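Worksheet: the structure to be examined is printed underneath.
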Number of protein chains: 2
Amino acid sequence: MALGWILFARGNRHITAELLHEEVTKAKVPVSLATIYNTLHQFAEVGLLRQVAVDGARTYFDTNASDHHHFFIEGENTLFDIAQTEAVVDRLPTPPEGYEIVRVDVVVRLKRIGG
Amino acid sequence: MALGWILFARGNRHITAELLHEEVTKAKVPVSLATIYNTLHQFAEVGLLRQVAVDGARTYFDTNASDHHHFFIEGENTLFDIAQTEAVVDRLPTPPEGYEIVRVDVVVRLKRIGG
DNA sequence: TTTTGTGCAAATCGTTTGCACCGTT
DNA sequence: AACGGTGCAAACGATTTGCACAAAA
């Protein structure tokens with residue numbers, strides 16, 4: 001398991017379970033998709049990974065677990081970070097009675113110009 | 001078809017295909033899930049509905065197609081609008097070369113205090 | 001030998017697709 | 001008789017679960 005994670009340890013990335021599976025398999029260790037999912041979730045629980053819901057179909061995992069937001073390119077299904085310097089949220093909305101804010105997700109959807 | 005939509009015409013709501021199916025069936029018209037999906041998507045294309053990706057599993061459709069953001073209660077899987085007065089986004093990030101912004105989705109995740 | 005942890009085959013479940021049916025031209 | 005639109009059964013694909021196996025206690 002730790003094995004698969006040398007893979008994750010290099011570079012900030014956004015991958016889907018399937019993509020990681022492919023990569024891991026192609027590289028060396030043959031491991032089933034289910035295991036990939038289990039592992040990804042475990043890492044996410046522990047806070048090493050951040051799960052990003054962006055298009056309903058696939059689940060993306062971000063190796064950068066810090067608080068930041070994302071660009072998502074429709075059609076290409078590419079996800080990448082928005083620089084922290086590009087402040088986006090200025091004021092948090094007041095949550096309703098009895099609830100507290102867990103996280104704020106911002107997804108800026110892009111499309112190729114002209115496309 | 002227009003029939004099912006009398007249902008949608010009353011009140012601003014956020015529903016999943018499954019929920020709508022249940023409602024429609026329970027009420028009167030027996031219609032298959034597939035039809036619900038087809039119809040929802042058609043409405044979304046035309047701009048009467050707004051599709052919200054919030055948790056990867058389910059797809060939510062918002063009868064309020066205007067530009068606004070959402071609260072999402074984890075565990076309860078409830079989605080509702082953030083009042084427009086609660087400004088959240090102040091400055092849009094600059095999109096990368098060759099791309100333009102299509103939409104900005106903001107989801108504020110909540111959890112019950114103490115929960 | 002019991003317990004705890006790990007990986008995966010098979011099942012699940014939301015969603016989509018291909019096709020049959022029916023009213024219209 | 002050909003055409004267009006509609007609904008749905010069956011297929012699909014991403015994700016989860018239940019269980020079998022192995023190492024540790």
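Quick caveat: nothing in here was measured; it's all calculated off a predicted structure. Below, chain A is the first sequence line, B the second, and so on; all start at residue 1.
The aromatic rings of B:F71 and B:F80 lie tilted to each other, with the angle between the two planes from 30° to 60°.
A side-chain contact (heavy atoms from CB on, under 4.5 Å) with A:V52 holds for exactly one of A:H69, A:R58, A:H70; it is A:H70.
In this structure, A:H41 places its NE2 atom 17 Å from P of C:dT6, rounding to the nearest Å. Nucleotide D:dA9 holds its P atom 13 Å from the CG atom of B:N38, rounded to whole Å. In this structure, the OH atom of B:Y60 is 11 Å from the P atom of C:dG14, given to the nearest Å. Residue B:D55 contributes atom CG, which lies 17 Å from atom P of D:dA14 at whole-angstrom precision. Atom CD of B:Q42 and atom C1' of C:dT15 are 15 Å apart (whole Å). For the pair B:H21 NE2 and D:dG7 P, the interatomic distance rounds to 12 Å; values are reported in whole Å. Separating the CG atom of B:L19 from the P atom of C:dT15 is a distance of 12 Å, rounded to the nearest angstrom. For B:Q51 and C:dG14, the CD to P distance is 16 Å, given to the nearest whole Å.
OP1 or OP2 of C:dG7 has not a single side-chain nitrogen or oxygen of A:S32 nearer than 4.0 Å. A sub-4.0 Å separation between OP1 or OP2 of C:dT15 and a side-chain N or O of B:Y37 is present.
Proximity of a side-chain donor or acceptor of A:H68 to a complementary backbone N or O of A:S66 within less than 3.5 Å is detected. Using a distance-only test at 3.5 Å, with no hydrogens or angles considered, no donor-acceptor pair links the side chain of B:D81 to the main chain of B:A83. Listed for the A:T39 side chain is a donor-acceptor partner under 3.5 Å among the backbone atoms of A:T35.
Distances were taken from every side-chain heavy atom of A:E18 (C-beta onward) to each of D:dT15, D:dG7, D:dA14; the shortest belongs to D:dA14. When distances run from any side-chain atom of A:A17 to the nucleotides D:dA9, D:dT15, D:dT16, the shortest one goes to D:dT15. Comparing C:dT16, C:dG14, D:dT15 by their closest approach to the side chain of B:R58 singles out C:dG14.
Backbone-only engagement by A:T59 is indicated by non-hydrogen atom pairs under 4.0 Å involving sugar-phosphate atoms exclusively.
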Can you list the steps and then say if B:R112 with A:E100 is a salt bridge (Lys or Arg N to Asp or Glu O under 4.0 Å)? CA-CA 6 Å; B:R112 180 171 270 124; A:E100 63 180 326; over 6 Å; no

Apply salt bridge (Lys or Arg N to Asp or Glu O under 4.0 Å) to residues B:D55 and B:R109 and explain how you reach the verdict. CA-CA 10 Å; B:D55 78 337; B:R109 286 161 203 282; over 6 Å; no

Polar atom pairs between nucleotides 19-22 of chain D and protein, under 3.5 Å, N or O only, would you list them?
none

